[in-house]
Amino acid sequence: MANWTTRLTEGATLVMFDIDHFKPVNDNYGHLAGDEVIRHTAQVTRSSIRQSDSAGRYGGEEFGIILPETDAENARLICERIRESIEKSTVETSAGNITYTISMGIAQLTDEPENYMQWMQKADEALYAAKESGRNRVVVAE
């Protein structure tokens, strides 16, 4: 994430998201099918963001997106588009067809001197709020 910080200014938004109930995908379909789900998630994400945005895999089944010059409401709209695209799609694998959902947390960078780790923590807390409130949703940090 260190290389992203040079592009950040007040008004940027961070999105943290992960695949809901991913362990059962690996357990029921195998790790190769799980990899297909991760690749599908990356493809949908890439096709839903602007060229000026940055997206990447954070670890495991978790992803992050940096949306420069994007307020929380516009970020929410982008995230809803990604979430709905994934919810409506099916990943065809040799182990069977897989449908899945994602949960997303959003935090806007509002203070220039704000610690980037705090910004990340806010997005992560919003992600956990999305999971705790039923999954398959987008939550914006307060």
Side-chain angles (χ1 to χ4, degrees), residues 1-110 112 114-142:
M1 181 129 170
N3 60 341
W4 291 354
T5 59
T6 57
R7 296 181 40 206
L8 301 179
T9 59
E10 185 174 335
T13 302
L14 173 63
V15 179
M16 298 291 291
F17 70 98
D18 71 11
I19 299 168
D20 295 329
H21 304 293
F22 186 68
K23 185 175 179 344
V25 170
N26 281 334
D27 291 348
N28 295 328
Y29 296 93
H31 287 90
L32 292 177
D35 286 346
E36 286 294 321
V37 169
I38 288 171
R39 279 195 290 281
H40 177 261
T41 304
Q43 290 168 348
V44 170
T45 301
R46 263 195 311 269
S47 69
S48 301
I49 61 175
R50 305 166 296 190
Q51 189 172 359
S52 61
D53 301 333
S54 296
R57 189 169 168 195
Y58 185 65
E61 75 280 6
E62 199 163 69
F63 296 81
I65 307 170
I66 297 281
L67 303 168
E69 300 175 2
T70 305
D71 64 19
E73 179 55 25
N74 283 315
R76 188 189 64 73
L77 295 172
I78 293 165
C79 289
E80 284 294 346
R81 185 171 59 237
I82 294 168
R83 186 196 62 74
E84 289 174 4
S85 292
I86 287 174
E87 180 183 35
K88 292 176 182 176
S89 62
T90 300
V91 180
E92 296 178 16
T93 73
S94 60
N97 293 341
I98 301 171
T99 58
Y100 67 101
T101 60
I102 60 172
S103 296
M104 307 180 90
I106 298 170
Q108 186 169 1
L109 183 64
T110 55
E112 195 170 332
E114 183 175 7
N115 180 315
Y116 291 116
M117 293 306 289
Q118 290 172 329
W119 188 39
M120 218 163 131
Q121 182 177 350
K122 285 181 187 177
D124 203 42
E125 288 170 359
L127 167 59
Y128 278 96
K131 291 179 138 339
E132 290 173 359
S133 61
R135 300 181 193 267
N136 192 26
R137 63 193 68 224
V138 176
V139 171
V140 178
E142 307 254 341

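Only heavy atoms go into these numbers, but all of them, side chains included; no hydrogens, no water, no symmetry mates. In this text the structure is predicted, and so the values were computed from the model without any measurement.
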Is it the case that T90 and N97 place a side-chain donor and acceptor less than 3.5 Å from each other?
no

Could you tell me the separation between the CD atom of E62 and the CG atom of D124, rounded to the nearest 0.5 Å?
5.5 Å

Nearest 0.5 angstrom please: L32 CG to T93 OG1, how far?
9.0 Å

Heavy atoms only: give me the nearest D20-K131 pair and the separation to one decimal.
OD1-NZ, 3.2 Å

In this structure, CD of E142 is separated from CD of Q108 (nearest 0.5 Å) by 13.0 Å

Considering only heavy atoms from C-beta outward, does the side chain of Q121 approach that of Y116 to under 4.5 Å?
no

Rounded at 0.5 Å granularity, tell me how far CG in L109 sits from CD in Q118.
10.5 Å

Applying side chain to side chain donor-acceptor pair (under 3.5 Å) to T101 and R137, what does each step give before you reach the verdict?
CA-CA 9 Å; T101 60; R137 63 193 68 224; over 6 Å; no

Is the distance between the ring centroids of F17 and F63 less than 6.0 Å?
yes

Hey, is the main chain of I86 close enough, under 3.5 Å, to the side chain of R83 for a donor-acceptor pair?
no

Looking only at heavy atoms, which two atoms of P68 and A12 are closest? And how far apart?
CA-CB, 4.1 Å

Nearest heavy-atom approach of S103 to R135 is OG-CA, 3.3 Å

Run Y100 and T41 through side-chain contact (heavy atoms from CB on, under 4.5 Å) and show every step you take.
CA-CA 10 Å; Y100 67 101; T41 304; 2.7 Å; yes

Note, V25 side chain near I98 side chain (heavy atom, < 4.5 Å):
yes

Between the CD atom in E125 and the CE atom in M16, the distance rounded to the nearest 0.5 Å is 11.5 Å

Any chance you could measure S48, atom OG, to E84, atom CD, to the nearest 0.5 Å?
10.5 Å

Derivation of the side-chain contact (heavy atoms from CB on, under 4.5 Å) call for I66 and D53
CA-CA 6 Å; I66 297 281; D53 301 333; over 6 Å; no

Closest heavy-atom pair and its distance - G34, N26:
CA-OD1, 3.4 Å

Would you sort out whether I102 and D18 count as a side-chain contact (heavy atoms from CB on, under 4.5 Å), showing the intermediate values?
CA-CA 6 Å; I102 60 172; D18 71 11; over 6 Å; no

Side chain T45, main chain Q43, donor-acceptor under 3.5 Å
no

Taking everything shown except E73 itself, do over 12 heavy atoms lie less than 6.0 Å from its CD?
yes

So, are E36 and R39 salt-bridged, with charged N and O less than 4.0 Å apart?
yes

Closest non-hydrogen atom pair, A123 against A107
N-CB, 3.5 Å

Hey, is the main chain of L77 close enough, under 3.5 Å, to the side chain of R81 for a donor-acceptor pair?
no

Search all heavy atoms of T13 against all heavy atoms of A72 and return the closest pair with its distance.
OG1-N, 4.1 Å

side-chain contact (heavy atoms from CB on, under 4.5 Å) for I106 and L14? Distances and angles first, verdict last.
CA-CA 6 Å; I106 298 170; L14 173 63; over 6 Å; no

Are E87 and N136 linked by a side-chain donor-acceptor pair shorter than 3.5 Å?
yes

Is there side-chain contact between T99 and S89, with at least one heavy-atom pair below 4.5 Å?
no

